[in-house]
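Here the structure comes first, spelled out in C-alpha cells, and everything after it is commentary.
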Amino acid sequence: MLSAFTFNTAENLPVGLLELISQSLDVSVPAVGLLVTGYGVTVAVSSLPLAHLVRNVPRRHVLAGLLAALVVSSLVAALSTAYWLLLAARLLTALAQALFWAVMGPVAVGLFAPEIRGRVIGALSVAGSLALVLGVPAGTWLGQQSDWPVPMAALAGLGLVPLVTIAVLLPTSRPEQERAAYGSSPDARRFATVLAAGVLSATGAFAGYTYIVKFLGDVSGFSPGTVSALLVAFGAACLAGVSITGALLDRFPRSALPTAVATQAVGMLGMYAAGTDPVAAVVFLALVGGALGPVFMITQNEMLHCAPGRTDLALAANSGAYNAGIAAGAALGALVLPLAGVRGTFLVGGLLTAAACAVLLGRQLLPPRGHRATVLPRPASLARDSDHCANATSRSGRPTQFTCQGRSSRLRSAAAKSWIRSVAGGVS
C-alpha cells in the first residue's frame, strides 16, 4: 500500500509545486504543466508494450525493479537544476508507473476470492488516494517552507521502504499462475466502452485539476495557506469517495462508474459557474475530489471482469488510456488557459466529462450482442413438465426417458400455443 501511496504522490506532486518550479527554473506555468502532460504521455504510450514485454517475468522481480526506478528518478528530480533534466526524471518515473498498476492489481486480488475483488481494488485505491490527502498537500507545504526539490527527495526515501519489503517478502510466481490472470466475464464491447469513458473522464478532470492551485488563488481568492488546506480537503473527499465506492463496488458494479462520472461532471461545471464564490468553490471542489479517485478505481475493477484476455494486459491498456486522458487534459488546459482563463479549463473539462457520461449511458441502452430478441418468461407448465420428465428418467432409466420425451413434446406444443395466445392478447 505504501508503494501505491508513493507512486500517486510522485505523479501528482508537481500540481502543488507549479509556481515554485516555474520561478526556480525560470519557465512559464504552462511549461511546468507539461511535466504532467509528459508523464501521462509516457504512461499512455508505454503501459501496454511494457506489460507485454514482462508478461512472463515473476512479479516480485518486476515490482522491485519498478520501485528502484522510482527511487532513482526521485533523486534525479531533486538534484535537477534545469527544466529538461527534471522532465527526464519525470519520464523515468512515468515508465515505472506505466507497469505498476497493471502488475500490482492481479497480484493483490489473486490472494482473495473473486466475489470481493472490488473491495480489494478499493483497499489499494485508498492507499493511492492518501497521496492526495497527505502526500501532495504535505509536499506542497514542504516545498513552500523550503524549496521544491525537498519533497522530491522525500519521495526517494518513501520508495525505499516498499522496495526492500517486496524484494524480501513477496513470493516469486509466474503471471499466468495467478488466480486473477484472466477476466471473470470477458466482454470486448464493455472493455472498449470503459476505455473510452475513462479517457474522456480523465481528459476532462485534468484539464482543470492541473491548474487547481491557480484557480483557487486567482478565481476564488484564497490565500496560499488556505489553498494548501483545500488540497487536503480535496484529498479527503477523494479518499471518502474511494472508501465508500470500494465498499459498495461488488454490490453495484454496473452503476458505480456512471454515478462517479456524473458526479465529476457536476463538480467541474459547478466550479466554472460558481467558483468565484468561496463557499460554492469548496462544495464543488469536494464533488470533484469525491469522484476523481473512484473513476479510475472502478475502471480497474471493470478490467478484472471484462478483460477479453489476460488481466494484466487489460489493466495496462486501461492505465495507458486513462493516462492518455491525463496528458490530453493537461495539454488542453495549457491551450485553454491563455485563451479563456483558468475558469475556462473547468468549463471544457466539465463538458468532456459529460461526454463520458453519454458514452456510458449509451452503452447501457444498447441490447447485449447476440441477444437482440426479447426474452419472455418461461411458462410454468413447461417447467413442471420438464421436472417431471427428469424425475421419471432418473427413476425408470432410458426407456421411460423416450416415453417422457414424446409426452413432453405434445404437452410443450400445447402449452406453447396457449402461452403465445396469452402474450399476443396482452400486447394487443
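- Contact between Ser243 and Val126 at its shortest, heavy atoms only, is OG-CG2, 3.7 Å.
- Arg190 places a side-chain heavy atom less than 4.5 Å from the side chain of Arg254.
- Side-chain atoms of Arg310 come within 3.5 Å of backbone N or O of Arg55 as a donor-acceptor pair.
- The distance from the OG atom of Ser125 to the CG atom of Leu239 is 10.5 Å, given to the nearest 0.5 Å.
- Distance alone, capped at 3.5 Å, places no donor-acceptor pair between the Asp147 side chain and the Pro149 backbone.
- A donor-acceptor contact shorter than 3.5 Å links the side chain of Thr245 to the backbone of Gly241.
- Looking at heavy atoms from C-beta onward, Leu155 lies in side-chain contact with Thr9 at the 4.5 angstrom threshold.
- Within the structure, the salt bridge (Lys or Arg N to Asp or Glu O under 4.0 Å) test picks out the following pairs touching residues 204-220 (sequence neighbours left out): Lys214-Asp218.
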Acceptor/donor pairs from residues 268-278 side chains to any protein atom, 3.5 angstrom cut, sequence neighbours excluded:
unit_1, atom_1, unit_2, atom_2, d
Asp277, OD2, Val279, N, 3.2
Asp277, OD2, Ala280, N, 2.9

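- When side chains are defined from C-beta on, Ile212 counts as touching Leu285, because their heavy atoms get closer than 4.5 Å.
- Between Met303 atom CE and Leu313 atom CG the span is 12.5 Å, to the nearest 0.5 Å.
- A 4.5 Å side-chain heavy-atom check between Trp148 and Leu13 finds every atom pair outside the cut-off.
- At least one side-chain heavy atom of Phe222 sits less than 4.5 Å from a side-chain heavy atom of Val282.
- Looking at every heavy atom in both residues, Leu25 comes nearest to Tyr83 through CD1-CA, 3.8 Å.
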Note to self: Using side-chain contact (heavy atoms from CB on, under 4.5 Å), reason through Met104 and Leu66 one step at a time and then give a plain yes or no.
What the structure shows: CA-CA 11 Å; Met104 179 60 75; Leu66 296 179; over 6 Å; no
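- Nearest heavy-atom pair, Val295 versus Ser201, reported as atom, atom and distance to 0.1 Å: CG1-OG, 3.6 Å.
- When all heavy atoms are compared, the tightest approach of Ser46 to Leu95 is OG-CD2, 3.6 Å.
- A distance of 11.0 Å separates OG1 in Thr42 from CD in Gln97, rounded to the nearest 0.5 Å.
- Listed for the Ser220 side chain is no donor-acceptor partner under 3.5 Å among the backbone atoms of Gly217.
- Using a distance-only test at 3.5 Å, with no hydrogens or angles considered, a donor-acceptor pair links the side chain of Arg59 to the main chain of Val57.
- Across all their heavy atoms, Leu18 and Thr210 have their closest contact at CD1-O, 3.2 Å.
- Thr311 places no side-chain N or O within 3.5 Å of a backbone atom of Ala307 that could act as its donor or acceptor partner.
- Taking the charged nitrogens against the carboxylate oxygens, Arg119 and Asp250 do have a contact shorter than 4.0 Å, which makes a salt bridge.
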Can you check side-chain contact (heavy atoms from CB on, under 4.5 Å) on Leu48 and His52, steps first, answer last?
CA-CA 6 Å; Leu48 195 54; His52 183 76; 5.8 Å; no
Please determine whether side-chain contact (heavy atoms from CB on, under 4.5 Å) holds for the pair Val242 and Phe296, giving the CA-CA distance in whole Å, both sets of side-chain angles, and the decisive distance to 0.1 Å.
CA-CA 10 Å; Val242 167; Phe296 181 68; over 6 Å; no
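- Put simply, the side chain of Ser47 gets close to the backbone of Ala98: a donor and an acceptor are under 3.5 Å apart.
- The environment of Gln144 atom CD is dense: over 12 non-hydrogen atoms of other residues, nucleotides or ligands sit within 6.0 angstrom.
- In this structure, Asp312 and Val103 have side chains that are not in contact, with every pair of non-hydrogen atoms separated by 4.5 Å or more.
- Ring geometry for Phe215 versus Phe346: interplanar angle of 30 to 60°, hence tilted.
- Note: Phe7 CZ to Leu99 CG = 9.0 Å, rounded to the nearest 0.5 Å.
- Note that CG of Leu332 is 13.5 Å distant from CZ of Phe206, once rounded to the nearest 0.5 Å.
- At a threshold of 4.5 Å between non-hydrogen side-chain atoms, the residues Leu67 and Val164 do not count as touching.
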Give the intermediate values and the outcome of side-chain hydrogen bond (donor to acceptor under 3.5 Å, both in side chains) for residues Ser3 and Thr6. CA-CA 5 Å; Ser3 57; Thr6 307; over 6 Å; no
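- When all heavy atoms of Ala156 and Ser74 are compared, the closest pair comes out as N-CB, 3.7 Å.
- Remark: Leu231 CG to Thr226 OG1 distance equals 11.0 Å, nearest 0.5 Å.
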- Test Thr93 against Arg90 for side-chain contact (heavy atoms from CB on, under 4.5 Å), laying out the working first. CA-CA 5 Å; Thr93 307; Arg90 288 282 297 170; 5.6 Å; no
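- Residues Asn12 and Tyr209 form a side-chain contact, since some pair of their non-hydrogen atoms from C-beta on lies under 4.5 Å apart.
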